[in-house]
Every structure is written in structure tokens, then in C-alpha cells.
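Below: the structure, in C-alpha cells.
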Protein chains: 2
Amino acid sequence: MTIQTESPPSDDAPKACRPADCLAEDWLSFLGHRWNALALWQLTAGPLRFTELQAALPRITPKVLTERVAGLVARGLVLRSESNHYPREVSYSLSPRGRALGRILLDLYDWAEADAAAP
Amino acid sequence: MTIQTESPPSDDAPKACRPADCLAEDWLSFLGHRWNALALWQLTAGPLRFTELQAALPRITPKVLTERVAGLVARGLVLRSESNHYPREVSYSLSPRGRALGRILLDLYDWAEADAAAP
DNA sequence: CCGAATCCTACATGATACTG
DNA sequence: CAGTATCATGTAGGATTCGG
């Protein structure tokens, strides 16, 4: 399922859903992909560096974190800024679009909390 | 990641996030799991029977559909009603909780659409 | 410090056939 | 009709190591 790579051009299967549904399903898959949503959530508190993000995401390996962060950047949710002095210092922060999505996630968090509170 | 099965009892890794975050991450993983969100979405239009759901979810196999639907029911998002005459007729519909979640997904759909419209 | 390059394995997903 | 039962497989995810 070519998601974190880039464009899922022609999926083999003809999707029997309206475009908006496909879009949303795509995003949902992306967010459900392990670490993606959590990483995004961590960044809502402010910019973080690679190592900080790694520390915030227990047991994630650098390889996977690299992939996930690349996906978030590729989808325009996260911005990457790099200083060119040594040792280099890379910082990740939410784009406006990422913040907008973060607000929606917040609704989900509220829903989940209410759900847990009133079973 | 024991998610669609049932209780993820004691995750080996100590989660370094607030409870609400863990809950949300859990839900996000669940929703991102293939077919789950799409199945939920299909049911927002009204109750569907097993075969109808299968038809609405192209290329899903009965085995997987069974698993997914069981997960949705186990999480209290979907209700299952069965008639006991022959041939038997099972119908799936959203619970109030499922509908509430559906509304949040709708926000995500809107966001995704707006996102696609204004790149 | 921030990754890239390999290698490897478990699990989620699928295909197919069968049954109450 | 609404599922189970097997079997097969691809790939996401992880462990480890190395490099700019």
C-alpha cells in the first residue's frame, strides 16, 4: 500500500467510493500507520528535533522514524528545517495544514476520552 | 500490535504519553486498520447486511470482513442484529457511539477535501 | 547529531474451499 | 446467507550497523 512513499498513482483495484471517501480513507490509513498520528500529536506542542521525537516515541527505531517523518513532510503536514553548522541540527514543526489536522485529532481525543469515561 | 483482537493487556513497552493520548492513538490505529474506517463510513448511510457490506468493500474477503466487523462490534461502534429464521439475515448498523465517531470522520473528510482543493 | 544501508521476521492480508 | 477453516504471501516494522 504505497502510502508513505509518495503518489499512489493507479491503484490496481478500482475504488468503488466517491473521491472524498477515497481521500479520507487514504488519510485515515496514513494516520493509522504506526507512529504517524502520535508523532503529529507530539509536534502540536511545539517543534522537536529528531532525537527528541525519537525519545517521545518509545521504542521507535531511527529507520522508521525517518520514514514516518518523511511521510509527514511529503504530505505537507510537517516542516523540516536544518541548520548547516556542525553538528547539524534538524528541527521538525507543524505546518498550518498540520495544525488544522491536529485540531481534528483533538476532537477525536475528546471523543475517545468521553467514550472511556462513559462506558 | 494486538488491536483488533481484543484487550491489549500489558504492552511490553511503558507508554510515555498521557492516557488520553494513548486512547486516541489506539483509536487511530484501529481506524487506520484497513477497511475499518471505510466499513464504518458505509454504515453511516444506514444498516447493511454482511453481503452488502462485502459488496461495498471491493476485494475484501469474508474472513477479513468477519474480523473487521467483529472489531467494530467489540468496540461498541456497530450493532449486530440477527433474525433466526431461515435463511438467516444478519444486519449491521451504527451504535450511537459509532454515529458520534462518524461525525468526527466527517470533519476529517471535509478537511481532506479542502486540502485537496487548495494545494 | 541525524540519519542511510542491510538484513530479517511476524503478522496482517488474501485466496480458496467448505459448512450450519 | 453468513460466515469458518486452511493455507499461502507481501510487506511493514524492527534490529543492527555504518556514515557525513
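Naming: A, B, ... by sequence-line order, numbering from 1 per chain. Worth knowing before you read on, the calculation uses all heavy atoms, side chains too, and leaves out hydrogens, waters and symmetry mates.
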Item checked: Proximal nucleotide (of C:dG14, D:dG14, D:dC1) relative to the A:Arg34 side chain -> D:dG14
Notebook entry, point to check: What nucleotide among D:dG14, C:dA12, D:dA2 has an atom nearest to a side-chain atom of A:Val64?
Noted result: D:dG14
Looking at [X], does any N or O in its side chain come under 4.0 Å of the phosphate oxygens OP1/OP2 on [N]?
X	N	result
B:Arg68	D:dG3	no
B:His85	D:dC1	no
B:Tyr92	D:dG3	yes

Note to self: If the condition is salt bridge (charged side-chain N to carboxylate O under 4.0 Å, His left out), which residues does B:Arg80 pass it with, not counting sequence neighbours?
What the structure shows: B:Glu82
Checklist line | Atom pair distance, as rounded to whole Å: CG in A:Asn84 and C1' in C:dC1 | finding: 14 Å
Next item on the list: Send over the distance from B:His33 NE2 to D:dT11 P, rounded to a whole Å.
Entry: 16 Å
Notebook entry, point to check: Counting any heavy atom closer than 4.0 Å, what does B:Glu89 reach on the DNA or RNA strands: base, sugar-phosphate only, or nothing?
Noted result: sugar-phosphate
Next item on the list: Would you classify B:Thr66 as touching base, sugar-phosphate or nothing, given that sugar-phosphate means primed atoms plus P, OP1 and OP2, and contacts are heavy atoms under 4.0 Å?
Entry: base
Next item on the list: Keeping to residues at least two apart or across chains, list the ring pair (Phe, Tyr, Trp, His ring centres under 6.0 Å) pairs with something in residues 50-70 of chain B.
Entry: none
Next item on the list: Check side-chain contact (heavy atoms from CB on, under 4.5 Å) between B:Ser81 and all other residues, then give those that pass, not counting sequence neighbours.
Entry: B:Ser91
Check: With sequence neighbours excluded, what pairs up with A:Thr61 under the side-chain contact (heavy atoms from CB on, under 4.5 Å) test?
Finding: A:Lys63, A:Val64
Identify all pairs in which a protein N or O lies below 3.5 Å from an N or O of nucleotides 16-20 of chain D, and state each distance.
from   : atom 1 : to      : atom 2 : distance (Å)
D:dG20 : N2     : A:Arg88 : NH1    : 3.1

Check: Can you tell me how far CG of B:Leu72 sits from NE2 of B:His33, rounded to the nearest 0.5 angstrom?
Finding: 11.5 Å
Pairs under 3.5 angstrom only: tabulate donor-acceptor contacts from the side chains of residues 106-119 of chain B to other protein residues two or more places apart or in another chain.
from     : atom 1 : to      : atom 2 : distance (Å)
B:Asp115 : OD1    : A:Arg97 : NE     : 2.7
B:Asp115 : OD1    : A:Arg97 : NH1    : 3.3

